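Numbering of ligands and ligand atoms starts at 1, following listing order. Being a predicted model, the structure only gives us computed values, none of them experimental.
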Amino acid sequence: MKRNLTSQPHHTTDILVIGSGAAGLTFALQAANYAKVTVLAKGPLTEGNTLYAQGGVAAVLDDTEDSIESHIEDTLVAGAGLCDPAVVRFTAEHGREAIQWLIDIGVPFTSEKHSDGSSAPHLTREGGHSHRRIIHAADATGRAIETSLVDLAEAHPNIELFENYLAVDLITRRKKGGADNRVLGAYVFNRTLDRVEVFGARFVVLASGGASKVYLYTTNPDLATGDGIAMAWRAGCRTGNMEFNQFHPTCLYHPKSKGFLISEAVRGEGGYLRLPDGTRFMEDFDSRMELAPRDIVARAIDHEMKRLGIDCVYLDISHKPADFIKEHFPTIYNQCLKFGLDMTKEPIPVVPAAHYTCGGVVTDTRGRTDLDGLYAVGEVTCTGLHGANRLASNSLLECLVFGRSASEDIRTRLDNTEMPGTLPAWDESRVTDSDEEVVVSHNWDELRRFMWDYVGIVRTDKRLQRAKHRVDLLTREIAEYYGNFRVTNDLLELRNLVQVADLIIQSALLRKESRGLHYTLDYPEPDNSKSPQNTVLTPANYYKAPATNAKS
Ligand SMILES: Cc1cc2nc3c(=O)[nH]c(=O)nc-3n(C[C@H](O)[C@H](O)[C@H](O)COP(=O)(O)OP(=O)(O)OC[C@H]3O[C@@H](n4cnc5c(N)ncnc54)[C@H](O)[C@@H]3O)c2cc1C
C-alpha cells in the first residue's frame, strides 16, 4: 500500500524544539522574543519528567551562609572526578538569574515568613548539599514549573505547539568529509493521524529528556525512551558517559503504580528501611544508615533483594506523628492511599528504579552539539555538569540555565542562517503494515528486563557481555522490521530504546573501574592510577551513517 507523498504536510519554522519539558519550554520562551518557535511534544504537552519532579531546584539564593563556591564543590564531589569544572561554575553562577526568571513568571514556590514580616522562598536541603539551597513548591515542584511554562507558551504569539507529535529522525545535509554538514529539520510522526510529516527549520533544539525507560523499573513516565539521544547519534553526534544512570532507591512497589517515587526526604525525616520481617538492614552497608547517598542505598536494597529473593523492601515512617507525615508529604501520602496504603500506619513497599540519565548528547555550554544547527538542552545532554553522578536538584537547574544559554547563542546566529528549501518527503513506498506486532511488544519487554538484570545497579563484565549479545540480536531484528513495515509509535520508541541500550552497554564495558553510579564487581574500586576519563562514543567509529534520512 502506497501513500500519496505530495499530501504530506511540510511545516517550516525558525527553530524547531523537540520537547516541552523544563528545558524545551525555557528555551522556547526565551527564543520567542526574536524568532518563530515550534515545539513538539510526543504526548500531552505537560507530560515528561519535569512534571513529576518533587524535590526542587538547586541554586545559591541566600549568600549569607551559602556560596557559589560551595555549590560548585558539592557538585564536583558528587560527580566523582568527571564533572567539567568550568561547566559546573557556569551553571552555579547562572542559577540565581534562572530561578529569578521562574519567580518573575509566577511559579508558586513555597515561601516562609521572617520575623520582620517579610517573606522569602523557603529553601530546603537535600543529600549531598552542604547548605539549604533547594527552592521548591511543596513536594510537587516540577508540576508547578511545568504548568506555569505551558500556560505562558500557549499564550505566546510566536510559539506554535504540537501535541502527540513524535520526532522520528533528524533531516541532515551531509557532505563528503563532513564539511558543511548541517541539520535541516526533522521527520515527525503525527500520532493522531498516523502519518509522518516534515518539519524544516533553521535550527533544531533537542529537549527530549532522558532514557530511563530502558530499564524495567523506572520513576520516569513512559515517554522517557531516549529518542533525542538515539536521533542525535544516528545524525552523527557523539554521546558521553552513557554508563552513568542514576537509580533512585525508593520507588513504590505496587502492580498498579507506574514507578511512583517516594522522595528521599522520607528517609531524611526519619524513615527506616526494613526487610519483610521488620529488620533494619542499612547498618550492614553504611554507618550513615538510611541517610547514606542514593547510590549506596540503592545498592544495599538491590543486594538484599537478590540475596533473599524478595520482590521489595519496606520504607517505614509510621513511627512519626500522622499530622507530621501528612503535612510534609501530602502528594506521597495521597498517592499511597490511592493504592490502599496508609503510610501513617504501615510501611511502604519499595524497590529501586532507574531515575536519571546522566549521560547523553555531548554539548558545550551554549548547547551546541557536533552537528551544525543542532542544539541539545536538558536531560538529553551530557554537558559535563553531572560527571559520574548527578547531585540532587541540579538537573532542573541545568534545564533552565542551558535553555537560556542556547537561546542566547541562536539569537546571534539566526539572521545569518537560511531557511532550508523543500525537504525530501518521507518515503513509505516500499513498506507495508506490520503483520506481527508481537515482535515489537516482546522485544520491548525483553530489552527492559535484561537491562535491569544485567546492566542495572550492580554490573559485571560477564553480565554486560550477555546483555551485549542480546542487544545485538534485537538491533538486527528491529532494523529488519523497521525496513519492512510502516512505523508505529511503539516501533519508533523501541528502535530508540535498543540504540540507547547499546550505547549504555558499550560505555559500561569500556569503564574498567567503579566510579560514581557505575558499580562493577569485577573492578569494585575507582582506578586512581590515571586521571578520570569521560566515556565518549563517536558514531563514525561504530557504523557508516546512512546517506539519506528518508525511510526506504
Ligand atoms: C519522579 C522524578 C522526580 C524528580 N525530581 C527532581 C527534582 O526534585 N529536582 C531536579 O532537579 N530534578 C528532578 N528530577 C529530574 C528532572 O525532573 C528531569 O531531569 C528534568 O525535568 C528533565 O527535563 P527535560 O525538559 O530535559 O525533559 P522532560 O521534562 O522529560 O521533557 C521531555 C519532553 O520531550 C518530549 N519528547 C521526548 N521524545 C520526543 C520525540 N521523539 N518527539 C517529540 N517530543 C519528544 C516529551 O514529550 C516531553 O515534552 C526528577 C525526575 C523524576 C522522574
Side-chain angles (χ1 to χ4, degrees), residues 16-28 38-59 124 126 134-137 139-143 145-146 149-150 153 161-170 186-191 199 205-213 218-231 246 248 250-252 258-265 331-332 335 353-358 360 376-381 385-386 390-400 402-403 489 492-493 495-496:
L16 177 66
V17 183
I18 301 175
S20 60
L25 291 183
T26 297
F27 171 87
T38 296
V39 180
L40 308 178
K42 81 171 166 185
L45 276 180
T46 51
E47 182 68 353
N49 282 1
T50 302
L51 189 71
Y52 299 92
Q54 296 178 352
V57 193
T124 186
E126 286 186 340
I134 318 293
I135 189 168
H136 63 106
D139 63 351
T141 309
R143 181 169 292 273
I145 294 175
E146 180 67 16
L149 294 177
V150 166
L161 299 159
F162 288 75
E163 279 184 319
N164 288 315
Y165 271 70
L166 186 156
V168 178
D169 262 321
L170 298 165
Y187 292 111
V188 182
F189 182 59
N190 176 334
R191 295 172 64 185
F199 285 74
V205 179
L206 286 173
S208 47
S212 290
K213 193 77 189 168
T218 174
T219 63
N220 289 195
D222 285 346
L223 52 73
T225 50
D227 299 357
I229 299 172
M231 277 188 276
Q246 190 169 67
H248 197 286
T250 54
C251 167
L252 177 62
K258 273 198 153 178
F260 180 70
L261 182 95
I262 309 294
S263 160
E264 66 183 280
T331 308
I332 298 172
Q335 191 69 17
H355 186 53
Y356 185 80
T357 311
C358 289
V377 289
E379 194 171 335
V380 68
T381 62
L385 174 65
H386 305 303
R390 171 191 72 129
L391 181 64
S393 289
N394 263 356
S395 37
L396 282 170
L397 179 68
E398 186 184 44
C399 293
L400 302 171
F402 284 77
N489 188 79
L492 290 170
E493 290 188 335
R495 176 175 174 245
N496 293 329

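Using a 4.0 Å cut-off between heavy atoms, E47 contacts ligand 1 through its backbone alone, with no side-chain atom that close. Under 4.0 angstrom from ligand 1, the non-hydrogen atoms of A207 all belong to its backbone. Contacts of H136 with ligand 1, taken as heavy-atom pairs under 4.0 Å, are absent altogether. With a 4.0 Å cut-off on non-hydrogen atoms, A53 touches ligand 1 through its backbone as well as its side chain. Contact annotation for D227 and ligand 1: only side-chain heavy atoms (C-beta onward) come within less than 4.0 Å of the ligand. Looking at Y356 against ligand 1, only its side chain comes within 4.0 Å, counting heavy atoms. Contact annotation for R390 and ligand 1: only side-chain heavy atoms (C-beta onward) come within less than 4.0 Å of the ligand.
Sparse packing is recorded around CZ of R143, with 12 or fewer heavy atoms of other residues, nucleotides or ligands lying under 6.0 Å away.
Contact between G142 and ligand 1 is absent, with no heavy atom of the residue lying under 4.0 Å from the ligand.
The option with the heavy atom closest to atom 9 (N) of ligand 1, from among G56, G55, A58, is G56. Summarising the contacts of atom 23 (O) of ligand 1 with T50, T357, V17, the nearest heavy atom is found in T50.
Close approach of ligand 1 to L40 is summarised as follows: ligand atoms under 4.0 Å from at least one heavy atom of the residue are 44 (N). Close contacts of ligand 1 with N220, meaning ligand atoms under 4.0 Å from a residue heavy atom, involve 53 (C). Within ligand 1, counting atoms from 1 as listed, the ones closer than 4.0 Å to a heavy atom of G48 are 29 (O), 30 (O).
For atom 17 (O) of ligand 1, the nearest protein heavy atom (residue, atom name, distance) is N49 O, 3.4 Å. In terms of protein heavy-atom proximity, atom 35 (C) of ligand 1 is nearest to G19 CA, 3.5 Å.
For F162, the ring pair (Phe, Tyr, Trp, His ring centres under 6.0 Å) partners two or more places apart in sequence, or in a different chain, are H11, Y165, F199. Every residue meeting the ring pair (Phe, Tyr, Trp, His ring centres under 6.0 Å) condition with F402, not counting sequence neighbours, appears here in chain and number order: F90.
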| query | Can you check side-chain hydrogen bond (donor to acceptor under 3.5 Å, both in side chains) on E47 and Y52, steps first, answer last? | reply | CA-CA 9 Å; E47 182 68 353; Y52 299 92; 2.8 Å; yes
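Of the N and O atoms on the side chains of K42 and S208, not one donor lies less than 3.5 Å from an acceptor on the other residue.
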